[in-house]
Every structure is written in C-alpha cells, then in structure tokens.
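Worksheet: one structure, shown below.
All heavy atoms count here, side chains included; hydrogens, waters and symmetry mates do not.
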Amino acid sequence: MMASSVASPLCTWLVAACMSASCEKDHFLKLPSIFRCSRRLSRSARRRKVVVPQFLNAGGAGLVSSFCASGIQNWLNSCLTFEPCEEYYNSEGLASSLSCFSENAFSLFGHKAEPVTRRQRRMNRAAISGKAMAVAVKPQKDTIAKKKSLTEKRRIVVTGVGVVSSLGHDADIFYSNLLEGVSGISQIETFDCSEFPTRIAGEIKDFSADGWVAPKLCKRADKFMLYMLTAGKKALADGGITEDVMEEIDKAKCGVLIGSALGGMKVFNDAIEALRVSYKKMNPFCVPFATTNMGSAMLAMDLGWMGPNYSISTACATSNICMLNAANHIIRGEADIMLCGGSDSAIIPIGLGGFVACRALSQKNGDPTRASRPWDVDRDGFVMGEGAGVLLLEELEHAKRRDAKIYAEFLGGSFTCDAYHMIEPHPEGAGIVLCIEKALAQSGVAREDINYINAHATSTPAGDLKEFEAIMRCIGQNPELKMNSTKSMVGHLLGAAGAVEAVATVKAIQTGWIHPNINLENPDKGVDTSVLVGPKKEQLEIKVALSNSFGFGGHNSSILFAPYKPDEGD
C-alpha cells in the first residue's frame, strides 16, 4: 500500500512529461537527459520519430545502470528531480501521497530521500509545463471530492420491519406483548430434555410459513431459514414493497444481508444421524441448507434481487454487524434498499447441550417466565430463544419517491473486539466503551442526546454488570436516560438477538412507549435503578436510541436510531 502511494505521484510526473514532450519538439529538447530518447533507437522508431524515454529503451542503460550501479535510490532521486508545477505543490497531491514518511523517516526503498533544492526547482520549472501537470492531477482530486460529497448526503431510513418470535410473528403483536410485560419463556416441547439441567427456552410453538414460503422448501429447509424468509417477506410487506413496486425498482441495487450465528444446526444434525445408516439416507440439501449464507441467498433468489448478498456470523453480535454493513452499502451507493438482520434456531439437543456444557444457561426450570432476569441479583444465566428479525433499510430519497412510511432514521454505529476471552467480557469493559465511543463519533451524535438504550443484558452474572458500567461511563450523565432488556421476555435469540431488539427499538420510536424490565425484583448493588425501566411500560419521547449486542469471542456492536426529521424544504 505504501509502495502504491509513492508510485502514484511518480507515474503522474512521467505521464505529464510524455504529454509535454509530444506537444513540441523544442520543448522536448529542454527535458532532462533521463527523459530524452536513446541514440540507439531502432530504425523504425527513428522513422516514426517516437519519443522513447531512456529507461524504456531495451538497448538503453538508464534504468538498468541505475539499478545495478547505484541502486534504486539513484533512480528515485533522478525522478524526484523532475518536479511538478506550482499547482501540484499547492494541492495536497504530494503531501497525501508521501504522508507516511516523517521528516526523519526512511523512504520506502530503504534510504533517506534527499530534499530538492531551490536551484533544481527553478531549472525544472523552466523545463516542465505546469499546465500539463495540472491536467494530470486535478481531475482525480475533483472526482474524489465529488464522490465524497455525494455519499455524505445519503441518509438511511427504516421503512419496514418483520419478526418471528415466541411473542408473535407480527411486529405490532410482538411489541404489544412486550409493552404488557408478557413472557415468551416456557418449557421445551419439541424434544425430550428431561435429562438436561436446563429445560426451558423462548421456544416458538405455533409457527407456520404457509403463504410465505413454498411448501416443498418448508419440508426441506432448516427452521432458521424458514424464520428468515418469513420475517424478510413480512418486512417487505410492511414496507409497502408490493408487486407493482417490485417491477419499478432497480433490482440490481436491492440486496439481502441477513446473518445467523449457528445456521442450520438441525439439518446438519439430522444428516449425521442419517449417515449412521447410509449416505443414501442423507438430505441432499443438508450442506447448503446448513450454511449461514443460504437464507439470504434463497430470499434474494425468490425476490430476484441482484445487489449485495451475503451473511455475516459473529455470534450474538451477528444482526447488528449485518445491519451496519447493509447501511454501508447504501451509503456507498451500491444499493438503494437492503433487507438486513438475523435468524437462529438452536433449540435442539445439540444446541441446548452445548450451552449447558459451557455453563451459560439458567436452571430456573420451576418458573420459566421468571428465569430471564437481567440486572437482578438472582440471575444465574441466559435463557435460549429462537426466531428472526429483519429491517428494511432504504435510502431516504428513494423512500420518498415511492411515498414510503418511515419508522425511524438509521444513524450508524460501530463494532469492536474485546480481544480478551472467548466467553467472559473484558473486566474493565474496555471493548464495550470503545464500541460506544466509536458509534457516537461515526454517527455524529452527542452522548447527551441518547435517552434510550435497548441493552444486550442477557441475564448473566458478569455480562450484565460490565455492560451497565460501560454504558454509564460513556453516557450515564444524561438524567433522562432509560434502559431496558428485551431478553427478559423473549430470551437470548443468539444471532437474531440484535435484529429482534432493533425491531423493538424502532417500534419504541414509532409508538413513544418503551417496554418494561420484568423479573427485576432485587437489582444488583452495582446498578443504578433510576436508569432502568420499571415493571410497567413507560412513555418516552426518544431523541436517539442505542441498541447494543455483544457475542462470544468478544464481539461488540452498537447501532443508533432516531426519529426521522425531514430536511428544511422537504
């Protein structure tokens, strides 16, 4: 990368030299000797009067002797003596290209670059046309500035939401249950888990993909994929993307970025069991349907959307990072519409057993609805959940042209890594603090403007407290700040957690109501209860909302939403 930054101005000088040289024969005679053609030109070249720089002539010894006798530095210095015009010095071209070298630093080629003297500058100004150099340098700078100004104007809004959860498969029903403090945690019924120390989860009992997914695919696909396809299409319907709209939009600029932490675990597990009998018994789709990207791919195929399409898998931070990357595609002009979020379905024996083995789950089996209790002193681990959440992100002007309803504006966010431990959070919350600070800086949001946080808060002894401390360190000075945890009612949806909580955050902005924290009966002594929402819903005019999501491996992610405010003149 450093080599390219140095080579760029050198190549520009050489091109300008050739341009100047080919214009006038007299001007060519004034060029330094290194750029004059060799006397050993071929007969055909002399006949055509082609100007061949000495170091490009196969018979010349300019560049070869420079490499062999004095090394690369002599050749570099000879090139540096061919200096650009005043316009180039007044621009940022040379400074930006060589900014990686300080005054006392060594050059890329291993030697210290020698400064150009005033005498050399005067001689070279007389020999080189400044206009040619200005033509070679200026358009590139203007193009970059133009592109930057265009991307800065691309605002992103949420125009549709879709959800599949233990509290409902319609966004309005889902949020209404949250506001009423209804718990979706219950005894696991899909398999016999009597031998497990944990026998509860946020299990979906009554899901049907009829009308959303083809019957043949329903029989073959893993539930994580069916949840994703259904939530994605519901987000489209909620966003007013009808068949007529689909015919008008540019499908090359519509993308799908919906991730999963664990993918098709049941499909893969079933294939292993079938393999014990014979490979002939295996589902022929077991490998593609187990991969985390296939849900996004199948949804794109169904819709005919040819824009950005892939999956990101970063444990429990999956959804937030998918949404951030989807937004970046819109900002860069690579897409106008993105379906983004996450989906997971790991409530099967191997999934439950795996989390039990790492001692992460609650064992409060006697009263499932009271098991998930973020920030409560009696919390003993998280409760698994399943489902999917999808947001329809859209470029503002595109949304306005089709007269779409706008739920909220997506301001941005950030992600970092603790670089500390696979499961445990950093003891000082360093990664979380860095993530929130970067999210604020990237979004241009002042910390005092944030007055609502949908926290990650999984109901684990260490995680809840470390996150709370980090939040208070960053933005706890706001007396209006309110915080809740959606996981207290739906459990931890793993890779889908961030997206389902983003749906809850967007609905909070739309309705002006934030849901309660249930089961918070004995707050941990390190928690400021004045910040936490109580056992009943509260009304709040949200200025800026922050939604956190953290995952195994130390992945931290924070995204920011705000009520949509039209520009003056809209």
Side-chain angles (χ1 to χ4, degrees), residues 155-165 167-179 231-241 257-258 318-324 326-327 330 337-343 387-396 399 404-413 439 443 445 449-456 482-487 489-490 493 496-516 533 537-549 557-566:
R155 295 169 63 184
I156 302 169
V157 291
V158 181
T159 55
V161 293
V163 67
V164 172
S165 76
L167 286 182
H169 315 318
D170 175 85
D172 290 335
I173 295 174
F174 163 73
Y175 199 64
S176 176
N177 283 328
L178 285 178
L179 291 178
K233 290 187 176 181
K234 287 187 175 185
L236 282 180
D238 185 56
I241 305 293
L257 210 172
I258 307 174
T318 292
S319 291
N320 274 12
I321 298 179
C322 284
M323 288 185 278
L324 283 168
I330 297 175
I337 300 176
M338 291 291 297
L339 281 170
C340 55
S343 178
V390 176
L391 297 188
L392 181 66
L393 296 186
E394 192 167 355
E395 194 271 327
L396 175 60
K405 64 179 178 183
I406 296 175
Y407 282 116
E409 183 167 1
F410 185 95
L411 301 181
S443 306
V445 173
D449 288 339
I450 296 177
N451 64 339
Y452 171 58
I453 296 176
N454 190 303
H456 182 61
K482 288 296 178 181
M483 192 185 315
N484 59 12
S485 171
T486 305
K487 294 181 181 70
M489 286 173 271
V490 297
L493 276 67
V500 170
E501 288 153 20
V503 171
T505 302
V506 168
K507 297 298 287 183
I509 291 173
Q510 179 198 17
T511 63
W513 289 92
I514 55 177
H515 70 71
V533 183
K537 63 182 180 182
E538 295 185 19
Q539 197 166 13
L540 180 68
E541 183 179 351
I542 297 175
K543 297 177 181 177
V544 178
L546 171 71
S547 183
N548 283 334
S549 195
S557 59
S558 299
I559 55 177
L560 295 158
F561 298 93
Y564 167 64
K565 296 180 180 179

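The backbone N or O of V533 sits nowhere less than 3.5 Å from a side-chain atom of N484 that would complete a donor-acceptor pair. With hydrogens and angles ignored, the 3.5 Å screen pairs no side-chain donor or acceptor of N454 with any backbone N or O of G498. Looking at K234, its side chain does come within 3.5 Å of a backbone N or O of H169 through a donor-acceptor pair. Remark: the backbone N or O of D172 is not paired with any side-chain donor or acceptor of K507 at under 3.5 angstrom.
Residues V161 and L392 form no side-chain contact, since every pair of their non-hydrogen atoms from C-beta on lies 4.5 Å or further apart. I241 has its side chain out of reach of T159: every pair of non-hydrogen atoms, C-beta onward, lies at least 4.5 Å apart. Using a 4.5 Å cut-off on side-chain heavy atoms (C-beta onward), I509 and Y452 make no contact. Considering only heavy atoms from C-beta on, F561 stays 4.5 Å or farther from I542 through its side chain. For the pair L324/F410, a side-chain contact is recorded, criterion being any heavy-atom separation below 4.5 Å from C-beta on. Inter-residue side-chain proximity for K487 and H456 is flagged as met; some heavy-atom pair is nearer than 4.5 Å.
N451 approaches E541 most closely through the heavy-atom pair ND2-O, 3.0 Å. What you find for A326 and L257 is that their closest heavy atoms are N-CD1, 3.7 Å. I337 and E394 get closest at one heavy-atom pair: CG1-CG, 3.8 Å. What you find for S549 and N320 is that their closest heavy atoms are CB-ND2, 3.4 Å. Heavy-atom minimum distance, L178 versus A504: CD1-CB, 4.0 Å. The shortest non-hydrogen separation linking L493 to V490 is CD1-O, 3.6 Å.
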request  = Would you check, one step at a time, whether the test side chain to side chain contact (heavy atoms under 4.5 Å, CB included) holds for L393 with V158?
outcome  = CA-CA 5 Å; L393 296 186; V158 181; 3.7 Å; yes
inquiry  = Evaluate Y564 against L396 for side chain to side chain contact (heavy atoms under 4.5 Å, CB included), listing each step before the verdict.
reply    = CA-CA 10 Å; Y564 167 64; L396 175 60; 3.6 Å; yes
request  = Start with the C-alpha distance between N177 and H515, add both sets of side-chain angles, then the distance that settles side chain to side chain contact (heavy atoms under 4.5 Å, CB included), and finish with yes or no.
outcome  = CA-CA 9 Å; N177 283 328; H515 70 71; over 6 Å; no
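Going from atom CG of L339 over to atom NZ of K233 covers 11.0 Å, rounded to the nearest 0.5 Å. Residue L411 holds its CG atom at 9.0 Å from CZ of R155, rounded to the nearest 0.5 Å. Rounding to the nearest 0.5 Å gives a distance of 9.0 Å between CE of M338 and SG of C322. In this structure, L540 CG and K482 NZ are separated by 8.5 Å, a value rounded to the nearest 0.5 Å. Rounding to the nearest 0.5 Å places CD1 of I156 at 8.5 Å from CD of E409.
Test T505, I450, D449 against L560 for side chain to side chain contact (heavy atoms under 4.5 Å, CB included) and you get one pass: I450.
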